[in-house]
Amino acid sequence: MEKFDDILVNHVGEFGRTQKLYFFLVCLTAIPCAFHSFANTFISGSPKHHCRFEGALKYKDDAIECAIPWDSDKDEWSKCKEYKQYNITGFNSDSDFNCTSESDEETECRSGWLYDRNVYGETVVTQWDLVCDKNWMRQLGKSIVLLGKVFGAFIFGQLSDLFGRKKILLVALMLQIACGVLSSFSGSFPVFITFQFLLGATVSGVFLTSFVIVTEIVGPSWRTFIGITIEYFYTLGYITLTGVAYALRDWQNIELTLSLPCFLFLSYYWILPESPRWLMTKGRYEECVKILRNFAKRNKTSLPEDCLETLKAIKTNEKRVKTETIKALLFTSSTMRWKTLLVAFNWLSNSMVYYGLSFHTDSLGLNPYLAFFISGAVEVPGYILSQLLLKRLGRKRVICIFMIMCGVVLLSTTVIKDYKVPVVIFAMIGKLCITASYGTIYLYSAELYPTTVRNIGLGFSSICSRVGSVSAPYILLIGDYTSAVMPLILFGGQSLLAGILVLLLPETQNQNLPDNVKEADEYKLTMCKLCTGNSTTDDYRAAETNDTTV
């Protein structure tokens with residue numbers, strides 16, 4: 001029985017000029033998704049600060065030693081304490097000023113804070129004083145976006161299945177623009193985090209729907225390639241964000257600038273077609289054939305005359321395919337259960353370490369803009385390495401090697417914690433490694449799960465990954481009370497453990513994809529030798545999945 005992919009391969013063209021054009025246009029939407037995913041690194045930036053004291057007009061005014069105690073543990077002026085009694089005379093006048101601390105007794109800041117404006121301009125931290133006992137609220141701004149992604153993945157995934165990929169992509173883009181603009185005018189922190197949550201939801205809506213569109217219009221041999229290539233556009237947005245934040249500095253201007261250009265994407269209403277695969281599943285065969293004929297014409301190929309009847313037969317045959325539930329993953333087979341749990345833990349670890357290292361750039365001791373730029377730039381060689389090594393080493397070994405390398409270099413920061421530049425270098429090497437691993441885990445997971453539960457398995461793994469990403473900012477919070485390398489150590493341990501555990505899973509390179517749980521059980525858990533096995537090259541191949549929840 002012919003499948004929809006056979007029509008693409010044999011008649012339309014797997015990745016012709018038409019698909020390449022639409023692929024490029026859709027990939028552009030990944031850029032603002034990266035903007036809003038990581039913008040809180042700058043708009044929630046926490047500058048150096050100390051208590052505001054009598055007569056002080058700027059950060060580290062001359063009389064600071066009279067009012068602010070020295071924190072010997074952190075080798076800096078205290079951020080959250082001031083002397084309870086002090087006396088300053090002649091301050092900000094032509095005469096000599098005199099200051100004395102009348103008592104060593106300390107107290108919490110009583111008149112607010114003064115902030116260093118040399119690095120950051122106005123941020124949500126400085127606007128609403130999210131420091132000291134409110135420092136956790138700064139990390140909430142980061143995690144709430146990631147939490148919104150969980151909500152968005154579920155909601156927009158379901159909506160795109162019901163109403164179409166194109167319509168929901170445009171709706172998500174319009175909501176992203178609206179939430180970004182309204183967020184920039186937030187008058188209070190609760191309003192701000194509400195719009196940040198909604199922004200996170202739209203990021204999932206835009207990125208995941210875009211990913212589904214491009215995977216549904218190309219042939220199977222190209223799906224892994226485009227799945228990784230779209231990440232380059234995401235990285236481009238990551239890097240571009242650095243320039244926008246550095247140029248503008250003020251959080252409201254940054255948010256507004258990141259949101260308004262997305263109005264250009266609304267032109268896709270007239271440019272992009274609906275997914276022909278989705279149209280077929282909804283029984284809209286005439287519209288599907290029209291789009292496929294247009295693809296074929298531009299690709300200089302042709303569709304057979306009986307294409308309409310073929311599509312109806314494909315739809316009828318797909319109805320007969322038996323799908324299973326989460327019960328099949330966790331309760332039918334012990335082998336499948338352990339595979340599912342190991343894969344989910346690997347997703348959680350990859351996401352936690354990736355977002356943790358991305359958000360940690362402002363705490364590494366160097367210029368936060370430079371550190372963030374480097375953190376984005378190292379993703380490019382990370383993705384390139386994963387693409388090159390996938391064909392030579394296989395899926396499992398690529399993930400294992402890069403996660404263990406990430407763990408080792410991050411744990412090594414305990415030895416060099418007193419040297420800022422080496423710590424940053426090791427953190428960036430860790431970021432490169434986790435990017436290479438993260439870019440491989442989707443393909444590996446899709447090939448591990450059998451066809452009947454593939455979408456459910458990927459959806460479950462995606463939820464676990466969101467748990468990891470949401471927890472990352474709060475792991476960073478530990479560093480505010482200990483040292484900047486403590487989060488790196490925790491991320492390193494997590495990555496190392498996940499890299500070792502992935503050795504228990506079977507390799508999927510050059511293996512037939514399992515169609516059901518019984519077939520998947522034939523690939524048992526094993527402690528495979530890392531450096532042996534079939535290393536013959538194969539084309540990138542993607543599992544047949546229409547998942548919209550990842």
Side-chain angles (χ1 to χ4, degrees), residues 4 26 29-30 32-33 36-37 144-179 194-217 223 227 230 265 268-269 272-284 287-288 315 318-319 321-330 340 344 347 351 442 445-446 449-470 542-550:
F4 189 86
V26 169
T29 63
C33 289
H36 295 298
S37 293
I144 202 72
V145 175
L146 303 174
L147 187 62
K149 283 187 174 184
V150 181
F151 177 78
F154 178 77
I155 295 298
F156 286 102
Q158 301 299 316
L159 291 176
S160 69
D161 283 342
L162 290 173
F163 300 107
R165 319 306 194 199
K166 177 181 174 180
K167 288 180 181 178
I168 298 307
L169 173 62
L170 291 169
V171 169
L173 282 167
M174 287 189 288
L175 289 175
Q176 189 173 92
I177 296 168
C179 292
T194 298
F195 284 119
Q196 290 297 303
F197 175 84
L198 295 175
L199 265 177
T202 63
V203 166
S204 281
V206 172
F207 189 82
L208 298 178
T209 308
S210 298
F211 181 84
V212 170
I213 288 175
V214 294
T215 56
E216 289 184 341
I217 63 174
R223 287 186 190 136
I230 196 172
F265 290 125
Y268 285 9
Y269 177 82
L272 285 182
E274 181 54 88
S275 164
R277 188 185 295 265
W278 179 83
L279 289 171
M280 182 198 70
T281 63
K282 296 300 179 181
R284 295 162 62 173
E287 295 173 69
C288 179
K315 173 71 182 302
E318 287 184 349
K319 288 181 179 179
V321 177
K322 180 182 178 182
T323 58
E324 299 179 77
T325 65
I326 191 69
K327 179 182 177 181
L329 287 176
L330 297 176
T340 301
W347 275 72
S351 187
Y442 180 88
S445 303
Y449 290 123
T451 302
T452 53
V453 290
R454 185 166 293 126
N455 289 345
I456 295 172
L458 291 173
F460 177 71
S461 299
S462 178
I463 291 173
C464 293
S465 79
R466 302 308 179 195
V467 173
S469 62
V470 170
E544 297 176 6
T545 174
N546 294 324
D547 180 59
T548 58
T549 61
V550 178

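Values below: all heavy atoms of this structure, side chains included; hydrogens, waters and symmetry mates excluded.
Side-chain atoms of T215 come within 3.5 Å of backbone atoms of V212 as a donor-acceptor pair (strictly under, hydrogens ignored). Although no hydrogens or angles enter the test, the distance criterion places a donor-acceptor pair under 3.5 Å between the side chain of R165 and the main chain of S160.
If you take CH2 on W278 and CG on D161, they are separated by 9.5 Å, rounding to the nearest 0.5 Å. In this structure, CD1 in I144 is found 8.0 Å from OG1 in T194, a value given to the nearest 0.5 Å. Rounding to the nearest 0.5 angstrom, the gap separating the CH2 atom in W347 from the CD1 atom in I463 is 11.0 Å. With values rounded to the nearest 0.5 angstrom, K167 atom NZ is found 8.5 Å from Y269 atom OH. Distance check: L199 CG to I177 CD1 gives 11.0 Å after rounding to the nearest 0.5 Å. Atom CD1 of I168 and atom CG of L159 lie 4.5 Å apart (nearest 0.5 Å).
Residue P276 comes nearest to C288 through the heavy atom pair O-SG, 3.1 Å, listed as atom of the first residue, atom of the second, then distance. What you find for G205 and A172 is that their closest heavy atoms are C-CB, 3.9 Å.
Listed by chain and residue number, Y438 satisfy the side-chain hydrogen bond (donor to acceptor under 3.5 Å, both in side chains) test with S351 (two or more places apart in sequence, or in another chain). Looking at residues two or more places apart in sequence or on another chain, you find a side-chain hydrogen bond (donor to acceptor under 3.5 Å, both in side chains) between S275 and E216. Take S210 and apply the side-chain hydrogen bond (donor to acceptor under 3.5 Å, both in side chains) test, not counting sequence neighbours, and it matches T29.
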Self-check item: Trace of the side chain to side chain contact (heavy atoms under 4.5 Å, CB included) decision for H36 with Q176
Solution: CA-CA 9 Å; H36 295 298; Q176 189 173 92; 3.8 Å; yes
Quiz item: For F207 and I230, what are the C-alpha separation, side-chain angles and deciding distance, and is it a side chain to side chain contact (heavy atoms under 4.5 Å, CB included)?
Solution: CA-CA 9 Å; F207 189 82; I230 196 172; 4.2 Å; yes
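The environment of CZ in F151 is sparse: at most 12 heavy-atom neighbours from other residues, nucleotides or ligands sit within 6.0 Å. Surrounding NZ of K282 are more than 12 heavy atoms belonging to other residues, nucleotides or ligands, all under 6.0 Å away.
The closest side-chain heavy-atom distance from L272 to L169 is below 4.5 Å. For the pair Y268 and K166, the minimum side-chain heavy-atom distance is 4.5 Å or more.
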